[in-house]
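Working notes, beginning with the structure itself.
Throughout, a chain's letter reflects where its sequence line sits, starting with A, and its residues are numbered from 1. From a predicted model like this one, the values you see are computed outputs, not experimental measurements.
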Amino acid sequence: MSNNLIRVANLKKSFGGVKAVDIDDLSFESKELTSIIGPNGAGKTTLFDLISGFQEEDNGEIFYKDKNITKSQPYRIARLGMVRTFQLTKVFDRMTVLENLMFAGSNVSNDSLFQSFMQLSKQKKYENSLKEEAMKIMKDLNIEQMSDSYARELSGGQKKLLELGRSIIKKPEVLLLDEPLAGVNPKLAEDLLEIIQSLSNQGITILMVEHNIEAVMKISERVVVLAEGALIADGPPQEVRENQKVIEAYLGTGDE
Amino acid sequence: MKLSAKWVVTILLTIFSIYLVFVLNEEGPLRILFNLLTFAGIYGLAAIGLNVHFGLTGLLNFGHASFMGVGAYVTLLLIPHAAGREGEITESGLPFLLALFIGIISASLFGLLLGLPAIRLRGDYLAIVTIAAAEIFRLLVRDLESITGGVYGIINFSDSLQQYRPIYFENFVSRYELNPSQVWVGLLSWISILFVLVILKRLTNSPWGRALRAVREDEDAVRALGKNAVWLKLQSFMLGAGIAGLAGVFLAFNYGSLQTTTFVPLLTFYVWAIMILGGVGSLSGPIFGSIIFWVIISETDKLAALIFENANGQQLAGVRFVLVGLLIMVLMIFRPSGLLGKKEELLLNVK
């Protein structure tokens with residue numbers, strides 16, 4: 001178990017008769033930027049849901065740093081340093097952008113009822129440092145002018161940025177990004193890619209589900225292809241691009 | 001500027017409704033007003049508790065009456081009282097404040113007990129479970145006659161609270177031909193409101209309050225960020241339930257006797273109406289909402305009598321609820337966020 005940060009073994013999940021995920025063995029290495037691609041319904045998001053604890057598998061096991069996290073609650077997995085985003089952006093609509101970020105960054109004891117009732121200077125100090133951090137992230141993401149707006153007033157792309165910012169402030173070791181570029185204009189998509197690349201350069205392990213193949217090929221170090229829940233290709237972008245199975249899965253074989 | 005306009009309208013409306021009490025009642029308007037204000041204080045307190053659940057955390061609680069009931073029953077059974085068909089007297093009991101404390105804690109724990117299995121449910125399902133639990137509570141209390149006095153209720157408990165009433169207060173109140181024991185209950189409920197609001201103000205502006213609002217907005221995102229959403233919701237449930245328990249105790253002392261019929265679902269719906277009227281999510285909204293609501297409830301039959309001159313009492317009572325319904329509809333159309341609610345945080349479009 002050298003570099004394996006995340007490992008799934010024998011993972012199975014079905015919805016009714018439909019096999020959503022059926023993977024024998026798949027590992028993700030530390031500090032690598034891996035993209036997971038595949039046609040619609042290939043089980044990419046389900047795989048994310050299983051890894052992050054949002055769905056329970058029918059069968060199989062998931063390890064994070066050799067620790068079995070198979071039945072763990074999502075919040076426990078997140079506390080281990082693995083943070084995810086969602087395909088349909090989930091921002092806290094009726095909270096300001098600043099509040100969104102500060103809530104995300106705040107630790108458990110700072111959130112506690114007891115500390116919030118006492119409001120000692122320790123908490124104020126912590127909140128101030130949190131605010132500074134949030135300000136810096138907003139600046140990096142170029143949404144600082146929106147800091148006091150309600151999150152629901154943001155554009156779709158800005159919401160994506162905010163969700164990413166919320167993950168960054170948690171200083172994760174692993175980021176699971178579910179279609180970070182979906183529905184975003186080309187210019188912003190480029191910016192987002194740059195941000196993701198720089199996060200990767202900082203040593204964060206990134207798993208990304210994305211349909212934008214060009215973008216995937218450009219920044220990924222490794223591409224994993226799923227179809228009908230199963231692993232059909234795995235390797236560096238160039239290799240995967242030329243893989244016959246992958247081409248068939250995307251374009252269809254024609255004999256159906 | 002906009003903020004102050006909201007307040008000006010609310011305060012003017014409140015003053016106007018109090019003024020209405022004087023216009024519509026030739027005999028003893030002051031007594032009627034203080035009766036109303038007492039109810040307004042108690043229901044306002046309950047609505048503040050509900051606002052912790054719904055306004056702050058987004059929990060659809062339709063069993064508020066049961067939290068009020070648990071607080072009231074536990075407290076009253078711990079102090080000297082008489083209960084049941086024979087009026088069996090229990091002379092010894094805990095000091096009032098200790099009993100009250102236990103009553104509030106019990107209401108909170110009831111919230112925890114109910115919440116543990118139910119709080120994972122989303123929106124509407126929680127509403128169904130809470131309304132059912134509240135009915136189960138009421139029926140249990142009704143049938144456990146040996147403990148709770150059943151349908152005969154609990155009486156003769158008022159002294160525990162009234163003994164603290166200062167003599168100068170009594171003299172002062174009697175001068176205006178008011179009922180001193182009722183005004184005393186009313187005064188204490190309004191003092192409690194102030195006390196609770198100060199604490200809640202502190203909490204809602206804190207990281208804890210921020211976390212609850214995040215839960216209200218999107219639970220999945222909260223969990224993905226490493227926060228225990230279930231525990232946060234349970235805390236909110238317990239806090240709001242405790243406040244409701246306190247309101248329930250005052251309600252019992254205001255009636256002077258405790259009946260199971262007090263805790264019917266209608267009580268919950270009144271509290272909901274008050275919270276919506278005052279502004280969901282607004283801390284002090286429920287107090288103004290409560291005053292205006294009680295003036296409407298008690299004075300609409302007199303208003304109706306002005307419109308329908310030949311109607312009898314029963315017909316007028318029916319018209320009252322039509323008018324209340326109309327008023328709520330008008331409010332929802334023109335100001336869905338309630339009197340003091342923030343338009344930007346309009347909450348009634350719950351997912």
Side-chain angles (χ1 to χ4, degrees), chain A residues 48-49 52-54 73-86 88-96 98-119 123-124 126-127 130 149-153 162-163 166-167 169-172 176 178, chain B residues 52 54-58 108 112 120 195-196 198-240 242 280-282 337 341-351:
Chain A
F48 265 21
D49 281 352
S52 58
F54 275 84
Q73 289 278 329
Y75 76 90
R76 292 208 177 275
I77 294 173
R79 281 181 199 173
L80 294 176
M82 180 149 66
V83 178
R84 72 168 292 180
T85 64
F86 294 88
L88 298 168
T89 336
K90 292 182 186 289
V91 296
F92 304 123
D93 276 338
R94 285 162 292 200
M95 288 164 68
T96 65
L98 180 64
E99 281 178 319
N100 264 269
L101 288 167
M102 286 176 70
F103 165 72
S106 169
N107 67 25
V108 179
S109 75
N110 186 55
D111 280 341
S112 76
L113 181 56
F114 180 72
Q115 279 215 17
S116 292
F117 183 73
M118 302 304 289
Q119 299 191 354
Q123 192 185 36
K124 292 216 174 75
Y126 183 83
E127 283 283 297
L130 213 53
S149 309
Y150 283 92
R152 69 159 170 203
E153 292 163 10
L162 175 56
E163 207 184 21
R166 251 180 9 195
S167 312
I169 202 172
K170 293 215 66 85
K171 305 192 179 69
L176 308 185
D178 199 349
Chain B
V52 172
F54 183 66
L56 190 58
T57 328
S108 279
L112 179 68
R120 286 159 213 271
F195 181 70
V196 168
V198 168
I199 293 178
L200 283 183
K201 178 99 189 150
R202 193 180 173 86
L203 285 178
T204 48
N205 291 332
S206 73
W208 184 76
R210 187 174 62 203
L212 292 192
R213 276 180 293 142
V215 169
R216 176 187 80 189
E217 296 305 311
D218 198 311
E219 244 185 276
D220 280 345
V222 169
R223 295 194 292 164
L225 291 168
K227 320 280 177 134
N228 188 343
V230 170
W231 176 227
L232 285 166
K233 288 202 286 185
L234 278 176
Q235 289 177 334
S236 154
F237 218 48
M238 288 166 71
L239 180 65
V280 174
S282 144
S337 49
K342 279 191 197 165
K343 244 204 220 115
E344 301 79 13
E345 293 192 25
L346 181 62
L347 260 177
L348 285 166
N349 55 346
V350 168
K351 282 174 274 186

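- The shortest side-chain heavy-atom distance between B:Arg210 and A:Glu127 falls under the 4.5 Å cut-off.
- The choice from A:Lys170, A:Gln73, A:Met82, A:Gln115 that makes the most heavy-atom pairs within less than 4.5 Å of chain B is A:Lys170.
- With hydrogens and angles disregarded, no donor-acceptor distance shorter than 3.5 Å links the side chain of B:Gln235 to the backbone of A:Leu113.
- For the atom pair OH of A:Tyr75 and CZ of B:Arg223, the computed distance is 10.5 Å after rounding to the nearest 0.5 Å.
- Heavy atoms closer than 4.5 Å to chain B are found nowhere in A:Ser52, neither backbone nor side chain.
- Both the backbone and the side chain of A:Phe117 come within contact range of chain B, judged by heavy atoms closer than 4.5 Å.
- In this structure, CE on A:Met118 lies 13.0 Å from OG on B:Ser206, to the nearest 0.5 angstrom.
- From A:Ser112, atom OG reaches atom CH2 of B:Trp231 across 10.5 Å, with rounding to the nearest 0.5 Å.
- The shortest heavy-atom contact between B:Asn228 and A:Arg79 is N-NH2, 3.7 Å.
- Between chain B and the options A:Pro74, A:Pro172, A:Ala151, A:Ser167, heavy-atom pairs under 4.5 Å are most frequent for A:Pro74.
- One distance of note links CZ of A:Phe103 with CZ of B:Arg213; it measures 10.5 Å at 0.5 Å rounding.
- Rounded to the nearest 0.5 angstrom, A:Asp93 CG and B:Arg216 CZ are separated by 10.0 Å.
- For A:Glu163, no part lies under 4.5 angstrom from a heavy atom of chain B.
- Using a 4.5 Å cut-off between heavy atoms, A:Gln123 touches chain B through its side chain atoms alone.
- The line from CG of B:Asp218 to CZ of A:Arg94 is 10.5 Å long, rounded to the nearest 0.5 Å.
- Only the side chain of A:Phe54 comes within contact range of chain B, with at least one heavy atom under 4.5 Å from a heavy atom of that chain.
- Neither the backbone nor the side chain of B:Val230 comes within less than 4.5 Å of any heavy atom of chain A.
- Proximity to chain B (any heavy atom under 4.5 Å) is shown, for A:Arg166, by both the backbone and the side chain.
- With a 6.0 Å cutoff to the six-membered ring centre and a 45° limit on the axis angle, B:Lys342 does not count as a cation-pi contact of A:Tyr150.
- For A:Leu130, the part lying under 4.5 angstrom from a heavy atom of chain B is the side chain only.
- Across all non-hydrogen atoms, the minimal contact from B:Leu225 to A:Ala104 is CD1-CB, 3.8 Å.
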